[in-house]
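Following: one structure in structure tokens, then a few remarks.
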Protein chains: 2
Amino acid sequence: MALAHAILAALVEAPCSGYDLAKRFDGSVGFFWSASHQQIYRELSKLEDQKWISSETIQQAGRPDKKLYSVTGLGEQQLKEWIAQPCEPTPIKDDLLVKIFAGHVAPKETILAELEQHQKAHLEKLSIYEDLEQHYFQNPQELPEPQQFQYLTLLNGITYERHWLAWCDRVIQSLNQTKK
Amino acid sequence: MALAHAILAALVEAPCSGYDLAKRFDGSVGFFWSASHQQIYRELSKLEDQKWISSETIQQAGRPDKKLYSVTGLGEQQLKEWIAQPCEPTPIKDDLLVKIFAGHVAPKETILAELEQHQKAHLEKLSIYEDLEQHYFQNPQELPEPQQFQYLTLLNGITYERHWLAWCDRVIQSLNQTKK
DNA sequence: GGTCACATGTAACATGTTACATGATTCG
DNA sequence: CGAATCATGTAACATGTTACATGTGACC
């Protein structure tokens, strides 16, 4: 049920269309969830059937119509109840770690190349996150409450990327040592 | 396909039964993957059909028979090829972060209680990981290669848990400030 | 004339979760 | 005598991925 609630959380912050949601899940909402547009459209239909969200068709000049979705009273109630229910930390599932675990069956160069790719990707994410921090969250304590909460999820993204970067460094170092 | 490869990685390290695999996925293999016993049995059948693994039925005194699975030559080949294919960093999907993002719709006490629960859970994991490090990886450089790679996944687990702990601390602090 | 951004969808398949089902032995 | 551990499975359902499908307007 968590995709449903992630969508509710995004729509409570700002009503938007399925297309926009997909972009947000690929951007700032991506700090805590990811989903493809197909998943999003399917879930939006279901949520509308259940009356957790409602839509309004907006006509646009020179562009296809879009459905603007917003959370209903019932939907917000459901979100509140879901938040109050305890949940477990998300279990880890990570391809790169599987590769490292079985690292001895593959050539060292392959592993190193993959690690460097990941390091690069994490570095890029980190710099995007740090830019966001600079631009929008200079004085987080003075922002309205919803933004303060958003900032906390951004902070998680930042320390998450730093954790990966430090680990990649460490592994690359370790592999280069044993190679000699 | 990654569940298949996570199973191969575990079986290459040590052949075992489905039941044992389920326990390992809940323990040390859990540094990088998690799966329920139902998923594991289903995947094992498929892998055996494809001849990536083979099984041998072991009779035991006073206990049900068990099937001991090991990776075939073909299976190891497939694992190698999969490792060589580049992959993307795993996208984040985390219930707790959804809750924080939408934190303003719920009472602060609810959020705080949840954060403290998660902090506790992460602390427990961390201490298990640190114990493992103490017991098995005192001198990682002197261990055989496969164990050195395992140690690197354990290190990831350790920094991952520390990242979460630090973040929980930070969020709790922040919430307590605004409450006053 | 081709590609990109906008905008929404269907269908098939792979993966993951929850509940149900069985049956022996060991420990308290 | 009840619960836990050992051991393997089926079925139904929820979630996520990949491929396919459609159509306009803007930009180069």
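So that the names make sense, note that chain A is the first sequence line, chain B the second, and so on, each numbered from 1.
- One can place CD1 of A/I7 at 14 Å from C1' of D/dA14, the figure rounded to the nearest angstrom.
- The aromatic rings of B/Y160 and B/W164 sit perpendicular to each other, their planes meeting at more than 60°, with 30° as the lower class boundary.
- The side chain to side chain contact (heavy atoms under 4.5 Å, CB included) check on A/E48 picks up A/I53, A/S55, A/Y69, with sequence neighbours excluded.
- For A/Q50, the side chain to side chain contact (heavy atoms under 4.5 Å, CB included) partners are A/L47, A/W52, not counting sequence neighbours.
- Atom CD1 of A/I40 is separated from atom P of C/dC6 by 15 Å (rounded to the nearest Å).
- In terms of phosphate contacts, B/Q39 brings no side-chain nitrogen or oxygen within less than 4.0 Å of OP1 or OP2 of C/dT15.
- Distance B/E43 CD to D/dT8 P: 16 Å, rounded to the nearest Å.
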With a 3.5 Å cut-off and sequence neighbours excluded, list the donor-acceptor pairs that the side chains of residues 95-106 of chain A form with protein atoms.
unit_1, atom_1, unit_2, atom_2, d
A/K99, NZ, A/E114, OE2, 3.0
A/K99, NZ, B/I83, O, 3.4
A/K99, NZ, B/Q85, O, 2.5

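- With sequence neighbours left out, the ring-ring contact (aromatic ring centres under 6.0 Å, His included) criterion links B/Y129 to B/F31.
- In this structure B/L143 satisfies the side chain to side chain contact (heavy atoms under 4.5 Å, CB included) test together with B/F137, B/Q147, B/Q148, sequence neighbours excluded.
- For residues 116-139 of chain A, every residue pair satisfying the salt bridge (Lys or Arg N to Asp or Glu O under 4.0 Å) rule, not counting sequence neighbours, is listed here: A/E130-A/R162.
- Here A/S34 pairs with B/P91, B/K93 under the side chain to side chain contact (heavy atoms under 4.5 Å, CB included) rule; sequence neighbours left out.
- Remark on the helix from C/dG1-D/dC28 to C/dG28-D/dC1: inter-end axis angle 30°, axes from five-pair C1' superpositions, rounded to 10°.
- A/L47 places its CG atom 13 Å from the C1' atom of D/dT15, with the value rounded to the nearest Å.
- Look at A/K46 and you'll find a side-chain N or O under 4.0 angstrom from OP1 or OP2 of D/dT15.
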_Base versus backbone protein contacts along nucleotides 8-13 of chain C [heavy-atom cut-off under 4.0 Å; B, S, -]_ = BBB---
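- For A/Y41, the ring-ring contact (aromatic ring centres under 6.0 Å, His included) criterion is met by A/H37, not counting sequence neighbours.
- Between A/E145 and B/K108 a salt bridge is recorded (basic side-chain N to carboxylate O distance below 4.0 Å).
- Contacts classified as side-chain hydrogen bond (donor to acceptor under 3.5 Å, both in side chains) and involving residues 21-32 of chain B (residues at least two apart or in different chains) are given here: B/E13-B/R24.
- If you measure from atom CG of A/L21 to atom P of C/dC6, you get 14 Å, rounded to the nearest angstrom.
- Using a 4.0 Å cutoff on non-hydrogen atoms, the parts of residues 78-101 of chain B near DNA chain D are B/K93, ordered by number.
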